[in-house]
Amino acid sequence: GAQHAGEVADHAVGMALALRRRLLEADRWVREGRWMQSRIAPTHSMTTLRVGIVGLGHIGRAIARRLEAFECKIQWWGRSPQDVPWERVASLKDLAAQNDMLIVAIAAHDDTRGLITREIIEALGPQGALINIARGFVVDEEALLSALKDGRLGQAGLEVFVTEPDDGARWKDLPNVILSPHSSGHTIESFQILCRRAAQALIAHLSKPAR
């Protein structure tokens, strides 16, 4: 529902901010004592960030609305046109090539399995970032790993993986990646809302007159 979509969108935007402003690198810079030796390299502004959203359902729209507050330029790709203020790009490859960051929020099913191919990843390029909050199998994970290691893709933010739980071993030497354990929709507030809705449904069912 809409509440869950908002929670997932918050997580995606958090990842976008962390990658764009290199927050994990800044954290390590202080912890490892490097601040004493030199200044950290400047990062890019959010206001110049060009974002392509893959899939404009509840979650994709919630991400776009949040990113508007940062004045990001937003485009999207999806199977069907929608009456929204953001430009729809006809080709997924063009969406990747025209933007700095691709956020994958499309519904995950057999038709979208492997949708983000090596070709799409390489169209994003060495300065590009990929965030996946859909399902792991929507992205060619081996192609993603290879591109990150070779520098053909700049950064990634992954909330989902092909195999879950993921043991983290393949990602540990990649400082340009932010990982989270498929937890974006699981907030205390969303759980409370879920419990309340379940209780209301049960009460409504028990309140029906017997036939």
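One is the number of the first residue; the rest follow in order along the sequence.
Under the 4.5 Å side-chain criterion, counting only non-hydrogen atoms from C-beta, Arg79 is in contact with Asp111. No side-chain heavy atom of Asp100 sits less than 4.5 Å from a side-chain heavy atom of Gln127. Arg88 has its side chain out of reach of Gln82: every pair of non-hydrogen atoms, C-beta onward, lies at least 4.5 Å apart. Residues Arg28 and Arg34 have side chains in contact (heavy-atom distance under 4.5 Å, counting atoms from C-beta outward). Between Val160 and Val104 the shortest side-chain heavy-atom distance does not fall below 4.5 Å. Contact annotation: the side chain of Arg66 approaches that of Asp10 to within less than 4.5 Å [non-hydrogen atoms, C-beta and beyond]. Side chains of Val8 and Ile63 form no contact here, defined as non-hydrogen atoms less than 4.5 Å apart.
Here the side chain of Gln75 pairs no donor or acceptor atom with the backbone of Val89 at under 3.5 angstrom. With hydrogens and angles ignored, the 3.5 Å screen pairs a side-chain donor or acceptor of Glu159 with a backbone N or O of Ser183. Looking only at distances, no side-chain donor or acceptor of Thr117 sits under 3.5 Å from a matching main-chain atom of Asp140. The closest donor-acceptor contact from the side chain of Trp171 to the backbone of Leu179 lies at 3.5 Å or more, if one exists at all. In terms of modelled atom types and a separation under 3.5 Å, the side chain of Trp29 and the main chain of Ser38 share a donor-acceptor contact. In terms of modelled atom types and a separation under 3.5 Å, the side chain of Asn132 and the main chain of Ala134 share a donor-acceptor contact.
Applying the side chain to side chain contact (heavy atoms under 4.5 Å, CB included) rule to Val30 yields the partners Trp35; only residues at least two apart in sequence or on another chain are considered. For Glu122, the side chain to side chain contact (heavy atoms under 4.5 Å, CB included) partners two or more places apart in sequence, or in a different chain, are Arg118, Arg152.
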Practice prompt. Given side chain to side chain contact (heavy atoms under 4.5 Å, CB included), test Glu32 with Gln37 step by step and report yes or no.
Written response: CA-CA 11 Å; Glu32 295 169 6; Gln37 279 79 49; over 6 Å; no
Worksheet item: Please walk me through it: do Arg135 and His182 pass side chain to side chain contact (heavy atoms under 4.5 Å, CB included)?
Response: CA-CA 9 Å; Arg135 286 293 184 274; His182 202 158; 3.7 Å; yes
Worksheet item: Yes or no on side chain to side chain contact (heavy atoms under 4.5 Å, CB included) for Leu17 and Met46, after CA distance, side-chain angles and deciding distance?
Response: CA-CA 7 Å; Leu17 266 168; Met46 287 295 287; 3.7 Å; yes
Worksheet entry | Gln155 and Arg22: CA distance, side-chain angles, deciding distance, side chain to side chain contact (heavy atoms under 4.5 Å, CB included) verdict | CA-CA 10 Å; Gln155 298 173 301; Arg22 299 187 179 271; 3.6 Å; yes
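Between Ala105 and Gly55, the closest heavy-atom pair is CB-O, 4.1 Å. Ser45 approaches Thr47 most closely through the heavy-atom pair OG-OG1, 2.7 Å. Nearest heavy atoms, Trp77 versus Ala90: NE1-O, 3.3 Å. When all heavy atoms are compared, the tightest approach of Asn176 to Leu19 is O-CD2, 4.2 Å. Pairing each heavy atom of Ala9 with each of Ile59, the nearest pair is CB-O, 4.2 Å. Scanning both residues, Ile120 and Ala96, for their nearest heavy atoms gives O-CB, 3.6 Å.
Here the straight-line distance linking atom CD1 of Ile178 with atom CG of Leu24 works out to 4.0 Å at 0.5 Å rounding. In this structure, NE2 in His11 is found 8.5 Å from CD1 in Ile133, a value given to the nearest 0.5 Å. To the nearest 0.5 angstrom, Phe137 atom CZ is 8.5 Å from His109 atom NE2. Put simply, NZ on Lys93 and CD on Glu119 are 4.0 Å apart, with the number rounded to the nearest 0.5 Å. With rounding to the nearest 0.5 angstrom, the OG1 atom of Thr163 is 7.0 Å from the CZ atom of Arg170. Interatomic distance, CH2 of Trp76 versus CG of Asn99, reported as 13.5 Å (0.5 Å rounding).
Annotation: Arg20, atom CZ; neighbour count of heavy atoms from other residues, nucleotides and ligands within 6.0 Å is above 12.
For the side-chain contact (heavy atoms from CB on, under 4.5 Å) test with Val51, the passing option among Ile103, Leu102, Leu95 is Ile103; the others fail.
Note: the hydrophobic cluster containing Ile131 does not contain Leu23 (ILVMFWY, side chain heavy atoms under 4.5 Å, direct or indirect links). With hydrophobic clusters built from ILVMFWY side chains whose heavy atoms lie under 4.5 angstrom apart, Val177 shares a cluster with Val139. Residues Leu174 and Leu144 share a single hydrophobic cluster, defined by chaining ILVMFWY side chains whose heavy atoms lie under 4.5 Å apart. A chain of hydrophobic side-chain contacts below 4.5 Å, direct or via other Ile, Leu, Val, Met, Phe, Trp or Tyr residues, connects Ile74 to Val13. Tracing side-chain contacts under 4.5 Å through hydrophobic residues (I, L, V, M, F, W, Y), one reaches Met15 starting from Phe70; they form part of the same cluster.
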